[in-house]
Amino acid sequence: TGLTFLATGYLSLYAAVRLSDGGAWQPPFGLVCAFASTYGQGAGWMETAVVSSVVASYPDEAAGLLKTCFGLASSVGAVAFAAVFAPSHEALLLALGILPLVLGFPLSWLVREPGPVPEGLPSGTWSAGYGLLLCLAVVLGLHSFLAGATPYLRPYEEHRAPNAAAFCLVCLLIGAFPLIPQALAPGGGPKQGAAAKPAA
């Protein structure tokens with residue numbers, strides 16, 4: 001339901017902007033607000049489902065990581081706009097409407113009822129997660145500062161390469177999160193909450 005609301009709201013806004021720019025139709029302000037409310041409802045529904053599942057299934061640290069990621073999502077979107085879509089805001093709206101359909105729905109089919117939490121996560125998992133999140137926040141903050149206070153990244157369409165490099169770095173940092181437990185447990189290293197085996 002949340003994915004449907006997201007796609008409907010963003011695609012409706014895209015259509016309204018296209019029609020308005022072409023002079024074919026000027027959408028009423030109230031209707032534009034309704035479109036925005038639709039994608040906002042979709043985002044809220046999805047966040048509620050994800051956060052409640054994580055809180056019920058994992059330690060408190062996981063919920064903190066997830067909520068912080070939600071907080072940084074708009075900054076990630078700003079970097080994506082600078083790297084890929086600028087100067088077209090219409091293209092960004094279209095992408096935001098299509099992604100829930102072509103990416104969100106297929107991924108949602110992989111979701112299963114959460115099972116029991118593993119007996120112990122590799123030592124340092126949460127510290128590494130928050131450290132990686134701090135690196136992500138620094139990269140996003142630096143990009144925002146350079147874009148707003150210097151001429152190195154703007155106009156975006158004339159500085160595509162550095163903005164694309166920043167976006168690739170952001171994607172790499174985000175993609176590294178699921179790899180943390182495996183990276184910290186080579187050969188079955190010490191685990192938090194797991195009892196140590198007695199020496200033979």
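Just so you know, these numbers come straight off a predicted model, no measurement behind them.
- Residue pairs meeting the salt bridge (charged side-chain N to carboxylate O under 4.0 Å, His left out) criterion with at least one member in residues 126-139, sequence neighbours excluded, do not occur.
- With hydrogens and angles ignored, the 3.5 Å screen pairs a side-chain donor or acceptor of S52 with a backbone N or O of T48.
- Although no hydrogens or angles enter the test, the distance criterion places a donor-acceptor pair under 3.5 Å between the side chain of T38 and the main chain of A34.
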Please report, to 0.1 Å, the donor-acceptor pairs under 3.5 Å made by any side chain of residues 78-94, with sequence neighbours excluded.
{"unit_1": "S88", "atom_1": "OG", "unit_2": "A91", "atom_2": "N", "d": "3.0"}
{"unit_1": "E90", "atom_1": "OE1", "unit_2": "R18", "atom_2": "NH1", "d": "3.2"}

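- Remark: L11 CG to L6 CG distance equals 10.0 Å, nearest 0.5 Å.
- Note on V138: it does not cluster hydrophobically with L133, by side-chain heavy-atom contacts below 4.5 Å among ILVMFWY residues.
- With hydrophobic clusters built from ILVMFWY side chains whose heavy atoms lie under 4.5 angstrom apart, V102 shares a cluster with Y14.
- L96 and L19 fall within the same hydrophobic cluster, where Ile, Leu, Val, Met, Phe, Trp and Tyr residues are linked whenever their side-chain heavy atoms come under 4.5 Å apart, directly or through other members.
- Grouping the Ile, Leu, Val, Met, Phe, Trp and Tyr side chains by contacts below 4.5 angstrom, directly or via other members, places L140 apart from L142.
- When the side chain to side chain donor-acceptor pair (under 3.5 Å) test is applied to Y156, the partners found at least two apart in sequence or on another chain are R154.
- Here W45 sits in one hydrophobic cluster together with F5; the rule is ILVMFWY side chains under 4.5 Å apart, joined directly or through other members.
- When hydrophobic residues (I, L, V, M, F, W, Y) are linked wherever their side-chain heavy atoms come within less than 4.5 Å, F29 remains an isolated member.
- Atom-to-atom distance recorded for C33:SG and L13:CG is 9.5 Å, nearest 0.5 angstrom.
- S75 OG to L136 CG: the interatomic distance, rounded to the nearest 0.5 Å, is 8.5 Å.
- Closest non-hydrogen pair, P27 versus S20, comes out as CD-CB, 3.9 Å.
- Residues L65 and L134 do not share a hydrophobic cluster, clusters being chains of Ile/Leu/Val/Met/Phe/Trp/Tyr side chains in contact below 4.5 Å.
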Check: residues 163-179 side-chain donor-acceptor pairs under 3.5 Å, at least two apart:
{"unit_1": "N163", "atom_1": "OD1", "unit_2": "H143", "atom_2": "NE2", "d": "2.8"}
{"unit_1": "N163", "atom_1": "ND2", "unit_2": "L153", "atom_2": "O", "d": "3.2"}
{"unit_1": "N163", "atom_1": "ND2", "unit_2": "H159", "atom_2": "O", "d": "2.8"}

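- Surrounding CZ of F145 are at most 12 heavy atoms belonging to other residues, nucleotides or ligands under 6.0 Å away.
- The backbone N or O of G64 sits less than 3.5 Å from a side-chain atom of T68, completing a donor-acceptor pair.
- Residues L99 and Y10 fail the side-chain proximity criterion, which asks for heavy atoms closer than 4.5 Å.
- Of all non-hydrogen atoms in V54 and A62, the two that sit nearest each other are CG1-CB, 3.8 Å.
- Nearest heavy atom pair, residue A128 against residue I180, reads CB-CG2, 3.8 Å.
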